[in-house]
K.L.:
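Got a structure for you, questions after.
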Amino acid sequence: MCAARSIVLIGFMGTGKSSVGKILENQSSLDRFDTDEMISSKFSMPIQEIFSKYGEEKFREAEMEALRSLAGKQSAIIVTGGGIVTKAENVDLLRELGTVVWLDGDYETLRARIDRLGDRPLLQTPDPPASLSELLEARNPLYRNAADIRVDISQKTSEEIAELILRNIRNFPIGE
Ligand code: S3P
């Protein structure tokens, strides 16, 4: 018997994973799970507050726990936080869950969105553009390593990205 094949979205903050996940949910018959939403509801507080009250490591533990809890469930749309690939165990879990789709945004595209990322704890630094650039450089190889499919998000709407994913995913079996 085949394991469940979900569509798993990974990528940097601001690449539109949440919006694309909602569109994919509407266009498929699959449920959607968002690890940030799961963690936030577990702690009953926004992510930013979890970081400031308990620290990043506690958040990362909760992130891994959320991912683990999805194993063995039916196929779904799974939306992850941008840092999920920083733990090797998470990458194994992601790959077991299904087809891993990397929403890849270049620095300029993300830089243009940075003001809207004001609630992201890791960009609350004296120089957010520099932090963005450093994090992006460190993370890109991790996304590349984890992904089955890469979608370049620059100059595309969330609808266009979702359509591209659905078109590409046909080569990967979804469902049980
Ligand atoms: C993080 C990204 C955020 C959230 C948390 C940490 C990261 O999710 O999980 O602030 O380490 O890149 P988004 O990618 O949805 O912004």
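Both ligands and their constituent atoms are indexed starting at 1 by order of listing.
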K.L.:
What part of Leu122, side chain from CB on, backbone N/CA/C/O, both or neither, has a heavy atom under 4.0 Å from ligand 1?
P.N.:
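Side chain only.
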K.L.:
Please identify which atoms of ligand 1 are closer than 4.0 Å to at least one heavy atom of Ile47.
P.N.:
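Selected atoms, number and element: 5 (C), 10 (O).
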K.L.:
Begin with the C-alpha distance, continue with both residues' side-chain angles, and end with the deciding distance and a verdict on side chain to side chain contact (heavy atoms under 4.5 Å, CB included) for Phe12 and Leu132.
P.N.:
CA-CA 10 Å; Phe12 204 78; Leu132 170 71; 3.2 Å; yes
K.L.:
Where is the nearest protein heavy atom to atom 10 (O) of ligand 1: which residue, which atom, and how far?
P.N.:
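Protein heavy atom at minimum distance: Pro121 CD, 3.4 Å.
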K.L.:
Please work out whether any backbone atom (N, CA, C, O) or any side-chain heavy atom from C-beta onward of Arg120 is under 4.0 Å from ligand 1, and answer side chain, backbone, both or neither.
P.N.:
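Within the 4.0 Å criterion, Arg120 contacts ligand 1 through side-chain atoms alone.
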K.L.:
Of the protein's non-hydrogen atoms, which lies at the shortest distance from atom 9 (O) of ligand 1, and what is that distance?
P.N.:
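Heavy-atom neighbour on the protein nearest atom 9 (O) of ligand 1: Asp36 OD1, 2.8 Å.
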K.L.:
Quick one: are Val151 and Trp102 in side-chain contact, heavy atoms under 4.5 Å?
P.N.:
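No; the side chains remain at least 4.5 Å from each other.
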K.L.:
Is there a side-chain contact between Ile84 and Glu63 in this structure, where contact means two heavy atoms from C-beta onward sitting under 4.5 Å apart?
P.N.:
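Yes; the side chains approach each other to less than 4.5 Å.
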K.L.:
Which residue owns the protein heavy atom closest to atom 2 (C) of ligand 1, what's the atom, and how far is it?
P.N.:
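Looking only at protein heavy atoms, the one closest to atom 2 (C) of ligand 1 is Gly82 N, 3.4 Å.
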K.L.:
Any heavy-atom pair between the side chains of Gln74 and Ser6 that's under 4.5 Å?
P.N.:
no
K.L.:
So, for Phe43 and Tyr54, is the gap between ring centers shorter than 6.0 Å?
P.N.:
yes
K.L.:
Look at ligand 1 and say whether Arg139 reaches it with a heavy atom at a distance under 4.0 Å.
P.N.:
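It does; at least one heavy atom falls under 4.0 Å.
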K.L.:
Got an N/O contact under 3.5 Å between Gly81 and ligand 1?
P.N.:
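No: no nitrogen or oxygen of Gly81 is under 3.5 Å from one in ligand 1.
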K.L.:
Give me the residue, atom name and distance of the protein heavy atom closest to atom 7 (C) of ligand 1.
P.N.:
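Result: Gly83 N, 3.3 Å.
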K.L.:
Grouping I, L, V, M, F, W and Y whenever their side-chain heavy atoms are under 4.5 Å apart, do Ile23 and Ile7 come out in a common cluster?
P.N.:
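No, no single cluster joins them.
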K.L.:
What closest approach, in Å, do Gln155 and Glu160 show between heavy atoms, and which atom pair accounts for it?
P.N.:
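So the two residues come closest at O-OE1, 4.0 Å.
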K.L.:
Kindly identify the option in Arg60, Met13, Lys17 whose heavy atom sits closest to atom 11 (O) of ligand 1.
P.N.:
Arg60
